[in-house]
Every structure is written in C-alpha cells, then in structure tokens.
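Shown next, in structure tokens, is the structure this report addresses.
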Protein chains: 2
Amino acid sequence: MSTSTASPPAPAGSCPIAATFDVVGPRSAFLVLREASFGTRRFADFVARSGLSEPITAGRLRQLVAEGLLERHTYREPGQRARDEYTLTAKGRAIVPVLIALREWGERYALEPGEPVGRLEHVDCGAGVRTGLHCDAGHAVEVTDASFVRGPA
Amino acid sequence: MSTSTASPPAPAGSCPIAATFDVVGPRSAFLVLREASFGTRRFADFVARSGLSEPITAGRLRQLVAEGLLERHTYREPGQRARDEYTLTAKGRAIVPVLIALREWGERYALEPGEPVGRLEHVDCGAGVRTGLHCDAGHAVEVTDASFVRGPA
DNA sequence: CGGCATCCTTAGGGATACTG
DNA sequence: CAGTATCCCTAAGGATGCCG
C-alpha cells in the first residue's frame with residue numbers, strides 16, 4: 001500500500017484510525033470487546049476472563065455502553081434474582097473484524113508458535129475463518145496492491 | 001460470533017489480541033504505522049503527518065524497528081547528504097489489514113458522515129478495497145456466522 | 001534534518017477494601 | 001453478584017530546548 005500523491009500535510013484531525021481509538025478506547029476496551037464477542041455477558045465473567053481489574057473492567061463496560069458498542073440489560077430469570085448483562089450492539093459487532101485481524105497478526109507474529117489460541121469456525125461448514133482484502137469488483141487484494149488516495153471517500 | 005463452550009477461565013496470558021498490543025504498542029504506534037503504510041519514510045514527515053510530537057514519534061519509530069515492523073536505512077542520494085528512512089517490513093505490512101479494518105470502522109462509526117478520509121483503491125482495477133471475512137472453504141462469512149472454539153488453532 | 005534530554009500533565013491500570 | 005472508592009504506580013504524550 002502506498003500513496004499515489006506526495007502526501008500533503010495530512011488532515012490528521014479526521015483520521016478514521018485515530019477516531020476509532022478515540023471512541024473505542026485503550027487496549028483494555030479491546031479485551032472487553034473480545035470477551036463480549038465470545039459471548040461473555042456478566043460482569044464477573046468479564047473480570048475473570050479479560051484479566052483486567054474490577055475497576056478497569058467496570059469503567060470500560062460503562063464507557064462502551066456510553067459509546068453504543070455494548071448494551072446493558074437488567075434481566076431476571078424466573079425464580080432468580082435480577083442480573084445485569086452486556087451484549088454487543090450492531091456498532092459493537094462491526095468491530096469484530098478488527099479483533100479478528102488483531103488476533104491473526106498476534107497469533108502469527110506476537111505469540112510463540114504452538115501457543116493455544118483457539119480458532120474461529122464458519123458455523124455453516126466448520127472451516128477456519130480469516131480476514132482478507134477484496135475490492136468492490138470482487139477481486140482478492142494483497143496489501144501491496146492497495147493504494148491510498150487522499151480526498152473524499 | 002460466540003463461543004460454543006461455556007468459556008472456562010480463559011488463559012488470558014496467551015491472547016493474541018493482547019499480545020498484538022503488547023508488541024505493536026499504544027495508539028501512537030498505529031498512527032506511525034498508518035503513515036508508513038502510506039509511504040512516509042522520513043522522520044520529519046512522520047512528525048508532520050502523524051500529528052505526534054517529535055519525542056513520541058522518535059520513540060515509536062525506534063520501538064517499531066526494534067520489534068521488526070519497520071526497517072531503518074541510511075541512504076544517500078547522489079550529491080545529497082545522508083538521510084534516514086523507515087520502511088515497513090513484511091511483519092509491518094502484515095498489520096495493514098488491521099489498519100484498514102480500524103479505518104473502516106472509524107469512517108462508519110466514529111467520524112461525521114462526509115468527513116474527507118481518502119479511499120483505498122485496488123491498483124489493478126481502481127475499485128475500492130474493503131476487508132471481509134471468509135472461510136478456508138471459500139465462503140464469505142458474516143460476523144454472526146463465526147464461532148470461536150477454544151483450544152489449539 | 002534527525003533526533004535526544006528534560007519537564008510536565010494526563011491517562012491507564014493494578015490492589016485493596018467497601019457497598020447495594 | 002455487580003459494582004464503587006481509594007490509593008498508588010507506570011505509561012503515554014505534549015512542549016521546549018539542544019545537539020550532531
């Protein structure tokens with residue numbers, strides 16, 4: 001990937017990558033979203049599985065609800081006391097490809113080969129799921145075949 | 001996406017998402033990598049285009065070189081003085097899909113509609129480039145059709 | 001140009017203890 | 001169980017100034 005122009009000063013102010021970090025938050029937010037994407041719903045499970053402390057977990061959950069990536073519902077199973085649960089919204093589900101891409105990179109470049117990391121399966125056929133680039137004309141695209149052009153999307 | 005198991009305690013220690021953040025670094029590292037993916041090579045340009053301060057930029061460049069995502073070369077054009085430049089390694093290029101996925105999310109959910117953000121083009125045909133999920137059997141996969149299974153990849 | 005040194009402020013995050 | 005309240009430490013990051 002490269003610019004076709006000589007890249008003028010760049011309006012860093014409207015960079016969608018920076019904007020994503022500004023909305024989603026820090027590392028810990030991605031870990032909370034990871035757990036939510038795995039189906040974790042309850043506070044205590046987020047704490048246990050994310051590896052984050054309670055205050056941080058609580059803060060991220062609150063913030064992600066405020067940003068609209070998670071929804072909080074209080075529900076009560078018959079005969080049980082009320083519980084809170086957090087589930088992904090459409091906005092939150094839309095970030096799952098980012099999580100998968102992060103996962104793929106980490107598995108390849110940041111973990112020891114052979115570390116147990118689980119796998120993503122296509123529910124329809126059981127085959128492994130991966131991210132990829134493709135163009136609107138339907139071609140598979142390599143990173144080196146993508147060119148960034150500044151200006152209106 | 002959801003777990004098919006009840007998700008036991010989770011070995012957060014070997015989470016590839018967390019590992020990616022641990023290797024790549026914080027938000028500013030992604031902005032530096034963004035610029036590198038656009039073809040930015042020189043220190044002053046990284047500073048001007050990333051919107052980061054010089055010390056932070058210098059620190060990220062040094063760290064990303066140390067982690068093997070960037071390579072630093074000193075080169076001298078004929079009749080010019082020596083310059084340093086930073087270019088992506090294969091390990092660094094491999095993270096571009098993460099950047100693209102972050103970019104797509106931000107454009108959709110974190111920026112005002114209509115903000116100028118540029119676009120990615122397939123060099124072969126000029127069509128826009130997007131990320132997507134697919135399975136090893138070749139099917140396009142929706143987020144909701146991916147299931148995470150713990151255990152060896 | 002390509003940095004590093006210093007200083008400062010804010011944000012991220014863990015530990016612990018406590019409350020509804 | 002689902003948090004909140006403190007306290008404390010470290011990391012992130014900007015501003016400024018200096019140096020090869």
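Quick note on labels: first sequence line is chain A, next is B, and so on, each numbered from 1. Every heavy atom of this structure was used, including side-chain atoms; hydrogens, water molecules and symmetry mates were not.
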Checklist entry - For the pair made of CZ in R42(A) and C1' in dC1(D), what is the distance, rounded to whole Å? => result 8 Å

Next on the checklist: Could you check whether T40(B) and D45(B), counting side-chain N and O atoms only, form a donor-acceptor pair closer than 3.5 Å?
Outcome noted: no

Item to check | Residues which pass side-chain contact (heavy atoms from CB on, under 4.5 Å) with A90(B), listed by chain and number, not counting sequence neighbours | outcome: R93(B)

Checklist entry - Roughly, in whole Å, what's the span from CG in L64(A) to P in dG3(D)? => result 13 Å

Next on the checklist: Closest approach to the side chain of L52(A), judged atom by atom: which nucleotide of dG17(D), dG12(C), dG14(C) is it?
Outcome noted: dG14(C)

Checklist entry - Roughly how many Å is it from CZ in F21(B) to C1' in dG13(C), rounded to a whole number? => result 15 Å

Item to check | Shortest side-chain distance from R83(A), nucleotide among dC1(D), dC4(C), dG14(C) | outcome: dC1(D)

Item to check | Among dG3(D), dG2(C), dA12(D), the nucleotide that comes nearest once only the side chain of P26(B) is considered | outcome: dA12(D)

Item to check | Salt-bridge present (E121(B), R119(B); N to O < 4.0 Å) | outcome: yes

Checklist entry - Does the pair D84(A)/R42(A) count as a salt bridge with the N-to-O cut at 4.0 Å? => result no

Next on the checklist: Within the 4.0 Å heavy-atom criterion, would you say S28(B) contacts the bases, only the backbone, or no part of the nucleic acid?
Outcome noted: sugar-phosphate

Checklist entry - So what does Y86(A) hit on the nucleic acid, given a heavy-atom distance under 4.0 Å: a base, only sugar-phosphate, or nothing? => result sugar-phosphate

Checklist entry - Do H139(B) and H122(A) make the cut of ring centroids closer than 6.0 angstrom? => result yes

Item to check | From L31(A) atom CG to F21(B) atom CZ, the distance as rounded to the nearest 0.5 Å | outcome: 7.5 Å

Checklist entry - If an axis is fit to five pairs at each end of the helix from dC1(C)-dG20(D) to dG20(C)-dC1(D), what is the angle between the two, to the nearest 10°? => result 40°

Item to check | Atom-pair distance (CZ on R60(B); C1' on dC4(C)), nearest Å | outcome: 15 Å

